[in-house]
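Before anything else, here's the structure in question.
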Protein chains: 2
Amino acid sequence: MGSTRDPDRRDRILDAASAVFAEKGFAGARVDDIADRAGVNKAMLYYHVGDKTALYSAVLLRNFERVRVALDEALATGGSARARLEAVITALTRMVQRHPDHPRMMLREIASGATSLEPEVLAAMLEVVGVVRALIAEGTAAGEFRAIDPVLTHLTLVGAVVFLNATAPIRNRAAALGPGFSLPEPTTDIARFIKEMLLDGLAADRKPGGS
Amino acid sequence: MGSTRDPDRRDRILDAASAVFAEKGFAGARVDDIADRAGVNKAMLYYHVGDKTALYSAVLLRNFERVRVALDEALATGGSARARLEAVITALTRMVQRHPDHPRMMLREIASGATSLEPEVLAAMLEVVGVVRALIAEGTAAGEFRAIDPVLTHLTLVGAVVFLNATAPIRNRAAALGPGFSLPEPTTDIARFIKEMLLDGLAADRKPGGS
DNA sequence: TTCCTAACTAACTGGTTGGTTAAACCAACC
DNA sequence: GGTTGGTTTAACCAACCAGTTAGTTAGGAA
């Protein structure tokens, strides 16, 4: 039976937890803080979701599901592998900007070696990785992309999207320190940059033989 | 005056702190744990370095200095901007693999928005960024690189190096879960991949008109 | 009305943790 | 052999924090 008082209390709890975990990390997050932001008594977190680790896993699972849905939509646009890859980059960029909590949490997970990531969450992540990997492999097979490692390519892509967006606060702080460093880019600019960079490379003259 | 017993006790403390901060993050790190790993009494940390935040900043400052030196060496090899950029990528990759603590700490800093990064540390970081940024700008001016945002390019580059290396543990865990996912790459492979990817792009056919 | 159960709360607990302190130690110099 | 001053230690403490618990509220069923 759902709550008689507030049916989506669990969602509000997960929202608050996502924000706090992203901001402070697992160890830095205070359960009382999460409860306060969610506007509920702390014991309710334990009643509705579970302990701190269960809360953490629940947040990651929900957030990965969001990404998976967004990627499925991007792939559904059809077209060439390149066109779909561009759609994926756009979707990822929009996702990262609309729900910045998720990449922030994952950055910390990567830093810690994902030692505490539950198998369930790991599986959700691999599902997302698989989508992009398959797309790149398909593009390579179709002759659209160079023969290139699909997993490393996927990581470079995600790394670029996450880095360019997640470093925005640090760049703003840098801009405040010294002049001529600021880079307040609009959403579309970052996505466009990544597409150009990854697809066409940095070199002005492309060497065809340079496998 | 330095310690009469052990002149590099401070270095040993910083080494231990670096390892623990990288593994657990600032909030997750236990001062007692750092002291144990350094093989000293906890009070020695406060005597030689300072409190937990001072310890953290001292570690980052030392680690950034290492990166700066490595980049200076890479730039000193001379040659075209492209050649020097390749040297930089090699140096960064080697650096990340030899001292993985630093990128792990910085990943967490990026995740938290660098709100707790002291100005002194921020300046050390900007110095490193400036080196690569200048090199890219020079290459663009010389016609070697396309006209492209140097800071975003730098971030993409660093993001790729860090991501491809820092995700190794998570990929190994993934490989243990499902078959056909593993990617145990040797050092040089990752550096070569990044060079090809960033310089020549992903596309099999480069479109010259693509801005 | 009475009883039952899910939802909720305030207050507490037991363990942890960053930081301190007073005393001890030790090498050098007089 | 005594003194000085940097170095080291064990023990301690106050604050903090995840998790629990005893008890309350409200709505629906009998």
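Just so it is clear, the values below take in all heavy atoms, side chains as well, and ignore hydrogens, waters and symmetry mates. Letters A, B, ... are given to chains in the order of the sequence lines, protein chains preceding strands, and every chain is numbered from 1.
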Toward the 5' end of DNA chain D, which comes first, A:A43 or A:F26, by nearest nucleotide? A:F26
For B:R108 and B:F21, work out which heavy atoms get closest and say how close. NE-O, 3.8 Å
B:R173: which of A:L126, A:L117, A:T115 passes side chain to side chain contact (heavy atoms under 4.5 Å, CB included): A:L117
Within the structure shown, what part of the strands sits under 4.0 Å from A:A35 by heavy-atom distance: base, sugar-phosphate, or nothing? nothing
Please determine, for the side chain of A:N41, which listed nucleotide (C:dT20, C:dA10, D:dC17) has the closest atom? C:dA10
Spell out yes or no: do the side chain of B:K52 and the base of C:dG19 have one donor N/O and one acceptor N/O closer than 3.5 Å? no
Quick check for you: among D:dA18, C:dA7, D:dT7, whose closest atom lies nearest to any side-chain atom of A:M44? C:dA7
Rounded distance in Å - OH (A:Y46) to C1' (C:dA6): 20 Å
Taking D:dT8, D:dG19, D:dT9 as options, the one with an atom nearest any side-chain atom of A:K42 is D:dG19
Taking the minimum atom-to-atom distance to the side chain of B:Y47, which one of D:dG6, D:dC17, C:dC8 wins? D:dG6
Just to confirm, is there a sub-4.0 Å distance from OP1 or OP2 of C:dC8 to any side-chain nitrogen or oxygen of A:H48? yes
Using a heavy-atom cut-off of under 4.0 Å over every strand shown, decide if A:A27 touches base, sugar-phosphate, or nothing. nothing
Rounded distance (Å) that lies between atom P of C:dG18 and atom CG of B:L45: 10 Å
Heavy atoms only, 4.0 Å cut-off, all strands: where does B:D51 land among base, sugar-phosphate and nothing? sugar-phosphate
Does this structure show an ion pair linking B:E65 with B:R68, if we count only N-O contacts that are shorter than 4.0 Å? yes
Any side-chain donor paired with an acceptor under 3.5 Å for B:R66 and B:H99? yes
